Amino acid sequence: MARLAKVIDLPLIANINKSDGKISSQLTRAIRQAVQNGDLKADDPLPSSRVLAQTLKVARGTVIDAYDQLIAEGVICSHPRRGTYISSTLNVTVKSHKVAITPTLTLTKSAHAYANVLQEFTPLPHAPFAISIPIARTQPQDAWRKFGNRFRARGVGIPTGYDDPQGVLALRIAIADYVRRSRSVHCEPEQIVITNGIQQALYICSQILFEAHDHVWVEDPAYRGTTSILEHCVHQIEITRIPVDEEGIQIDYAKTLTKQARAVFVTPSHQYPLGMSMSLARRNALLNWAKQHKAWIIEDDYDSELRYIGQPFPALQGLAPDQVIYLGTFSKVLFPSLRIGYAILPQSLVAPFCGLKVIIDRHSPTADQHVLAAFIQEGFLERHIRRIRHVYAEVRQFLIKIIEQHIPKHLAWLQTGDQGMHIVLWLAEGLCDQDIAMSALHAGISVKAISPTYSKERKQSGLIIGLGDFEPELMEQAIKKLAQIILSSNL
């Protein structure tokens, strides 16, 4: 059994009234009642008689008398050199505490909506083919541990006071240098804000960029993290979903839907979830439109590092630094639990962005920022990305092979793309992706339905299948099960 820290404070002693006398009896009753109520349980430690006497400001003998009585009753036990504990052999039926629900306390529409969001974003189990499950053989455990030991225990990452809401300067310098070389992004460290993942950056953008009745363009389909924020967290804005094709967002078609827009959210390097890159012609058209209408472009550089054929496309930000807000994250290429993302902003947006971040969480945790800064500066990140690009390419090829081998093409076919951590399996007309995804989950398979990423008018049926940390035999077994589920759904 793990050793427990001794309890010094007992809330139950607040009910002891010294003016009533018989303090020993009051203390006995209070501890007995706390056990009966379930506030104290078997093996819970109690303060020593000396500490409790000092807290109550009574003679130590008074506490000893109470403890002796409870020991005699079998409620507590005393162990030499270990202390006093609630008896481990105690068998008490704990009184149930039913909380009365006042009928008039109803939830708002927003509360119900956020509860549904929680259900939608519940992480899938660690099973084939959950998205963003890092492949173990690619993880930089030794290097990360080395930097962690250097900075957390005795370096600049040790616990301290409040820090800069923009984030650790060393990390911002490292990111500025990294995105310049790898993504052709033009920025200074003063333009970078460290966030708790890309989701926080998307939320802050939604709050500082829009006013009531503004129009916003969003790709169709699109990342649900973006559309959920715009639907639930920004009031009285007009959201226009713009379809994508093999070249990306259809700018000319967007102009026929609405002439004005305050901003557009895009994933130009790797469209989520379909996987294509935005063509140069579409990029130029988007930038020209933004310049003409003085609109913001929010660029989510999703999965840009994991391109398997050729070199990654440069970011939009490098072509229009004053109008593009560039959002990136290290969760995908390192590990999702890291929760470090960043926003690269035009200088005029840095202060409002940081102002809202201060309200939300003051600043992101700093220890891992120092670790990540050193990890980037000493060249480990780029070596890590080269390694995972090779490993994920192998997994991708194997997954394509077994899907084509086991799943009939008249029921499902692949849109593989040439980058990223997932592939899309389209389903034949009449097959419901959400029903199939739920059946797959019951069978121990984690896939996502693609239809929620679409607008209601353009909804299509398909499955998002992640490339993750799973043995080849396990993946093949899962694909065979998935094939049976799809076949059964077609009956």
Side-chain angles (χ1 to χ4, degrees), residues 132-158 163-164 166-198 201 269-270 299 301-315 317-318 326-344 364-396 419-421 467 469:
S132 301
I133 301 296
I135 293 180
R137 54 195 165 121
T138 68
Q139 290 306 288
Q141 301 292 356
D142 293 339
W144 193 263
R145 188 181 303 110
K146 178 186 74 172
F147 289 122
N149 291 339
R150 181 194 304 176
F151 293 112
R152 289 176 180 278
R154 55 189 178 275
V156 290
I158 60 174
D163 215 319
D164 188 341
Q166 261 194 270
V168 169
L169 178 59
L171 178 56
R172 291 188 280 123
I173 291 172
I175 290 173
D177 186 51
Y178 167 68
V179 295
R180 174 185 56 79
R181 288 181 285 104
S182 65
R183 306 296 301 121
S184 299
V185 168
H186 300 160
C187 71
E188 299 297 329
E190 292 75 23
Q191 294 174 249
I192 299 175
V193 182
I194 306 302
T195 61
N196 292 333
I198 209 163
S269 295
H270 178 228
E299 177 181 13
D301 204 24
Y302 177 77
D303 270 1
S304 62
E305 299 92 348
L306 297 178
R307 185 169 175 81
Y308 306 119
I309 301 173
Q311 294 296 314
F313 286 92
Q317 193 272 355
Y326 178 93
L327 307 181
T329 179
F330 296 99
S331 296
K332 299 294 190 300
V333 296
L334 288 173
F335 33 92
S337 60
L338 181 61
R339 308 312 307 142
I340 293 183
Y342 56 95
I344 297 177
S364 298
T366 56
D368 276 337
Q369 292 186 52
H370 289 287
V371 175
L372 180 56
F375 190 79
I376 297 171
Q377 288 170 340
E378 298 192 24
F380 283 88
L381 178 63
E382 287 170 280
R383 273 178 273 171
H384 172 70
I385 289 172
R386 286 195 295 271
R387 183 166 61 250
I388 66 172
R389 196 179 289 153
H390 174 73
V391 173
Y392 276 106
E394 289 182 348
V395 173
R396 174 178 169 272
Q419 66 188 82
M421 296 178 68
L467 316 177
D469 181 22

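All figures in this text were calculated on a predicted structure; none of them were measured in a lab. Residues take their numbers from the sequence shown, with the count starting at 1. Atom set for the values below is all heavy atoms of this structure, side chains included, hydrogens, waters and symmetry mates excluded.
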Using a strict 4.0 Å threshold on nitrogen-to-oxygen distance, state whether R181 and D177 make a salt bridge.
yes
Closest heavy-atom pair, S304 versus R183, reported as atoms and distance to 0.1 Å, is OG-NE, 3.2 Å
With a 4.5 Å cut-off on side-chain heavy atoms, are I388 and L306 touching?
yes
Distance check, rounded to the nearest 0.5 Å: Q419 atom CD versus R396 atom CZ?
9.5 Å
Using side-chain heavy atoms (C-beta onward) and a distance below 4.5 Å, is W144 in contact with L372?
yes
Looking only at heavy atoms, the pair that brings F147 and V371 closest together is CB-CG1, 3.7 Å
Taking Q369 for its side chain and G167 for its backbone only, find out whether a donor-acceptor pair lies under 3.5 Å.
no
Distance in Å, Q191 CD paired with R172 CZ, rounded so as to fall on 0.5 Å steps:
11.0 Å
Contact check, side chains of H390 and R386, non-hydrogen atoms, under 4.5 Å
no
Any chance you could measure D368, atom CG, to H370, atom NE2, to the nearest 0.5 Å?
10.5 Å
Heavy-atom pair of closest approach, residues E299 and Q317
OE1-N, 3.0 Å
Close side-chain approach of F330 to I376, heavy-atom, < 4.5 Å
yes
Would you check if S364 and D163 make a side-chain contact, meaning some heavy-atom pair closer than 4.5 Å?
no
Donor-acceptor under 3.5 Å (D301 side chain, Y326 main chain)
no
Sequence neighbours excluded and cut-off under 3.5 Å, please list the side-chain donor-acceptor pairs for residues 331-340, or say none.
residue : atom : partner : partner atom : Å
S331    : OG   : T329    : OG1          : 3.2
S331    : OG   : R339    : NH1          : 3.3
R339    : NH1  : P336    : O            : 3.3

One should read off an interatomic distance between I175 CD1 and L381 CG, to the nearest 0.5 angstrom, of 9.5 Å
Output the distance between atom NZ (K146) and atom CZ (F151), rounded to the nearest 0.5 Å.
9.5 Å
Which heavy atom of Y308 sits nearest a heavy atom of G420, and at what distance?
OH-O, 2.6 Å
Any chance you could lay out the side chain to side chain contact (heavy atoms under 4.5 Å, CB included) test for D164 and L169, step after step, and finish with the verdict?
CA-CA 9 Å; D164 188 341; L169 178 59; over 6 Å; no
Sub-4.5 Å side-chain heavy-atom contact between I192 and I173:
no
Assess the residue pair E382 and Y178 against the criterion (side chain to side chain contact (heavy atoms under 4.5 Å, CB included)); give the C-alpha distance rounded to whole Å, side-chain angles, the decisive distance to 0.1 Å, and a yes or no.
CA-CA 9 Å; E382 287 170 280; Y178 167 68; 3.9 Å; yes
Any non-hydrogen side-chain atom of P140 less than 4.5 Å from a side-chain atom of F380?
no
